[in-house]
Amino acid sequence: MSADPEDAPSSGAGVERVEGDGEPRYRAFWADEVADEIEARDPDEPIVIKGGVSPSGVAHLGNFNEIMRGYFVAEVLRERGREVRQVFTSDDRDPLRKLPRKLADTDGNVVGLGDVDAGALGRNLGKPYTDIPDPFGEAESYAAHFAALLKADADRLNVPVEMVSNTELYESGAFEEVIRRVLERVETAREVLAKYQDKVDEGYVPFNPICGNCGKITETVTDVDLDSGTVSYVCTDMEAGERTIDGCGHEGTATLRQGKLPWRFEWPAQWQVLGVDFEPFGKDHAEGSWPSGEDIARNVLGIEPPVPMVYEWFTLNGEPLSSSAGNVVTVAEVLELLEPEVLRYFFVRNPKRAKDFDVSRLDLLVDEFDRFERIYFGEEEVDPKLERLADRAYPLVVDEVREDRVRLPYTFAAVLGMTDDRDLRERMARNQGHITDETPEWAIEEALERVKQARTWAERMDNQYNYRLQAALPEVDFDPETEAALDELADFVEEGRDGEEIQGEIYEVARRHDVPVGDFFEAGYRLFFDATQGPRLGEFLGELDPEFVVARLRREG
RNA sequence: GGGCCGGUAGCUCAGUUAGGCAGAGCGUCUGGCUUUUAACCAGACGGUCGGGGGUUCGAAUCCCUCCCGGCCCGCCA
């Protein structure tokens, strides 16, 4: 892959020649390095960036690695004045090999297999995803259902990706020429693939017809007739992991549009048909299908493979993403907890490093994004390298660069989420200086959006921010000293005091009545939150309607 | 067994291209805000940069070697 260093700048990923001085400059953003590599090959426009996935079940955040990595490269190229298409193939002629444990309904809600007709689905094992009905009965097919969900998620992140159906490419004949070429050169195809797969033998034919009788993908080709453009097959059993999917025994013929290439050939075929210039892929492909694909592209198809990029998988809550184990999160779910720009930012970071997406500590990710943003606006002094990254990547992460935006710290937003009162939320944010008289209305609205998200997060995680201001008086039972202290505190609040004064008075009044301060706070939390802990009490109460606070302290309502 | 990618503070991660004082945030601790109660501020603690060896005036960074983790080397994608 890599060329001689003397070839710079074309081979010099990460280095560019700045006009005039000839000094190489460090590339702060990985997407610029990739873009350099692509441009060095002098590609035709539009430049095509591809990704792809088998629409086998829930489209989870892991699938977005590919989409987002491609997106940043696409954006960088567009910024350089290039025309770019980002396509994403739904590899939907792949057969259903096993039943997924989790599905997602039309609205993207994750449901279990038990919520659909699993039996009906089971009868479709071995068939292409596009030939299986949508388990939710709405889309054209199983494949269409999940492809639509993926597209919806891409839209949510404002990533303009063109979905391409693989089945469509077969049916329309787009693949036909490539398939013909592979079959014409079947000896070469076998030789090349045999270098990577031991099982390739004399009889191996890199084409899997669809059985005309039962509709399953077959694996036993008995004859190839390129003059008529057909292959003969026997519908034999298919090994799918631990299990075997029974063939029906049917013997028939199929055209080159009625079947599929095995993945190792299909991938390079996509490169050719779609004219792919760049393809990011997970590390599972790095030592498997990429080397063989590269070889097949050059030596069977006679094309140059795209610029590759291997990305490291990230973990979810410290564990590998796994649909079968249920360790998945969808884009829609994440976007209930944070802004799209924060999620996009997650993918700005080095693709080579394994990252953890820790939902319980989303506050850290959001804080990191906020900091990244401040760095961009020069509001924070940091390491110059990080500054260059922010300069470069931040505008690609947000929909619009707006210096007037306001970001409430995520945990503070979670505190504001303890009340439903929008005006109260705003008042508290003002008191903390996050909102000023100069803050434009749109910025206030958007800042408060985060409160909803942080509130949802606190509820989901049931963490230290999951307290709720109680609208009705909780059931309480205090000793006489505590009651007297509460009454006195109520009188104090009634005089019209601010939060700071109330906070101080809590200590004073507790002492005067010989109530341990801790116990007295607990009483307060019980009254207002029906809990034993909570936010800074006095200052919180100082923001509430005094009449409400007084009545509650007097246990009247 | 072979290959690829990782391993940097308790946690999450920058920094590794092109060698130049070991970094950030969070957490923890201490202090401040009249005040043990989670929002704010200041400070401190925290490291054999996975281990060992080598090159170098100088190594997290380059070389060798070993350990650990993930992935690939069957099928499928």
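The chains referred to below are lettered A, B, ... by the order of the sequence lines, with proteins before strands, and numbering in each begins at 1.
Under the side-chain contact (heavy atoms from CB on, under 4.5 Å) criterion, A:Gln464 pairs with no residue at all, not counting sequence neighbours. Residues satisfying the salt bridge (Lys or Arg N to Asp or Glu O under 4.0 Å) criterion with A:Asp91, sequence neighbours excluded, are absent altogether. With sequence neighbours left out, the salt bridge (Lys or Arg N to Asp or Glu O under 4.0 Å) criterion links A:Asp367 to no other residue. Under the rule for a salt bridge (Lys or Arg N to Asp or Glu O under 4.0 Å), the partners of A:Arg392 that lie at least two apart in sequence or sit in another chain are A:Asp32, A:Glu79. Partners of A:Glu543 according to the side-chain hydrogen bond (donor to acceptor under 3.5 Å, both in side chains) rule, which considers only residues two or more places apart in sequence or in another chain, are A:Asn431. A:Glu379 meets the salt bridge (Lys or Arg N to Asp or Glu O under 4.0 Å) test with A:Arg405; sequence neighbours excluded. Listed by chain and residue number, A:Phe175 satisfy the ring pair (Phe, Tyr, Trp, His ring centres under 6.0 Å) test with A:Tyr170 (two or more places apart in sequence, or in another chain). Every side-chain contact (heavy atoms from CB on, under 4.5 Å) that A:Ala393 has, sequence neighbours left out, goes to A:Phe29, A:Val348, A:Phe372, A:Leu389.
Distance, A:Trp290 CH2 to B:C73 P: 17 Å, rounded to whole Å. Atom CD of A:Glu500 is separated from atom P of B:A39 by 15 Å (rounded to the nearest Å). In this entry the distance linking CD of A:Glu501 with C1' of B:C33 reads 15 Å, nearest Å. If you measure from atom CG of A:Leu386 to atom P of B:G23, you get 16 Å, rounded to the nearest angstrom. Atom CH2 in A:Trp30 sits about 19 Å away from atom C1' in B:G15, given to the nearest Å. Put simply, CG on A:Leu193 is 13 Å from C1' on B:C73, counting in whole angstrom units. Rounding to whole angstrom units, CG of residue A:Asn65 and P of B:C71 are separated by 16 Å. Following rounding to the nearest Å, A:Lys195 (NZ) and B:C73 (P) show an atom-to-atom distance of 17 Å.
Nucleotides B:C49 and B:C11 are separated by 16 Å at their P atoms, to the nearest Å. Atom C1' of B:C68 sits at a distance of 40 Å from the matching atom of B:A42, rounded to the whole Å. If you take atom P in B:A18 and the same atom in B:G1, they sit 33 Å apart, rounded to whole Å. Remark: the separation of the C1' atoms in B:A14 and B:A60 is 12 Å, to the nearest Å. One P atom belongs to B:U12, the other to B:G50, and the distance between them is 15 Å to the nearest Å. Comparing the C1' positions of B:C62 and B:A24 gives an interatomic distance of 26 Å, to the nearest angstrom. For B:C63 and B:C26, the C1' atoms lie 37 Å apart once the distance is rounded to whole Å. One P atom belongs to B:G23, the other to B:G15, and the distance between them is 16 Å to the nearest Å.
The side-chain heavy atoms of A:Phe146 and A:Asp92, taken from C-beta on, include no pair separated by under 4.5 Å.
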Please list, for nucleotides 24-30 of chain B, all pairs of protein and nucleotide N/O atoms separated by less than 3.5 Å.
unit_1	atom_1	unit_2	atom_2	d
B:A24	O2'	A:Arg371	NH1	3.3
B:A24	O2'	A:Arg371	NH2	2.9
B:C26	O2'	A:Arg361	NH2	3.2

With the criterion being N/O to N/O and under 3.5 Å, what pairs connect the protein with nucleotides 2-6 of chain B, and how long is each?
unit_1	atom_1	unit_2	atom_2	d
B:G3	O2'	A:Glu287	OE1	3.3
B:C4	O4'	A:Glu287	OE2	3.1
B:C5	O2'	A:Glu312	OE1	3.1

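At a threshold of 4.0 angstrom between heavy atoms, the contacts of A:Gly518 include nucleobase atoms, whether or not backbone atoms are also involved. Within 4.0 Å of A:Tyr467, counting heavy atoms only, lies at least one base atom of the nucleic acid. When heavy atoms are screened at a 4.0 angstrom cut-off, A:Ser289 is found touching base atoms of the nucleic acid. Nucleic acid contact for A:Asp356: sugar-phosphate only, since backbone atoms but no base atoms lie under 4.0 Å from a heavy atom of the residue. As judged by a 4.0 angstrom heavy-atom cut-off over every strand, A:Ser54 is placed among residues touching the sugar-phosphate backbone only. Residue A:Arg511 is classed as a sugar-phosphate contact, given heavy-atom separations below 4.0 Å to backbone atoms only. Using a 4.0 Å heavy-atom distance criterion, A:Asp198 is classed as a sugar-phosphate-only contact.
The A:Val415 side chain lies nearest to B:A39 when the options are B:C13, B:A39, B:A77. Which of B:C76, B:G15, B:A77 sits closest to the side chain of A:Asp94 comes down to B:A77.
Close to B:A77, at under 4.0 Å from its OP1 or OP2, lies a side-chain N or O of A:Lys260.
Sequence order on RNA chain B of the closest nucleotides to A:Arg349 and A:Pro409 puts A:Arg349 first from the 5' end. Nearest-nucleotide positions on RNA chain B place A:Val517 closer to the 5' end than the other of A:Val517 and A:Trp313.
For RNA chain B, the neighbouring residues in residues 535-543 of chain A, judged by any heavy atom under 4.0 Å, are A:Pro535, A:Arg536, A:Glu539, A:Phe540.
Nucleotide B:A44 is matched to B:U28 when pairs are restricted to Watson-Crick or G-U wobble geometry with both distances under 3.5 angstrom. With a cut-off of 3.5 Å on both Watson-Crick or G-U wobble distances, the partner of B:A9 is given as none. Base-pair partner of B:C4: B:G70 (Watson-Crick or G-U wobble, both distances under 3.5 Å). Checking B:G20 for Watson-Crick or G-U wobble geometry (two distances, each under 3.5 Å) identifies B:C57 as its partner.
Here the rule is side chain to side chain contact (heavy atoms under 4.5 Å, CB included) with A:Val366, and of A:Asp370, A:Leu364, A:Asp363 only A:Asp370 fits it.
Salt-bridge check for A:Glu266 with A:Arg93: failed, with every basic side-chain N at 4.0 Å or more from each acidic carboxylate O.
Between the side chains of A:Arg460 and A:Asn466, no donor-acceptor pair of N or O atoms lies under 3.5 Å. Donor-acceptor pairing under 3.5 Å is lacking for the side chains of A:Tyr142 and A:Asn124.
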Give the table of side-chain donor-acceptor pairs shorter than 3.5 Å for residues 515-527 of chain A, with sequence neighbours excluded, one pair per line with atom names and distance.
unit_1	atom_1	unit_2	atom_2	d
A:Tyr525	OH	A:Pro535	O	2.7
A:Arg526	NH1	A:Asp530	O	3.3
A:Arg526	NH1	A:Asp530	OD1	3.0

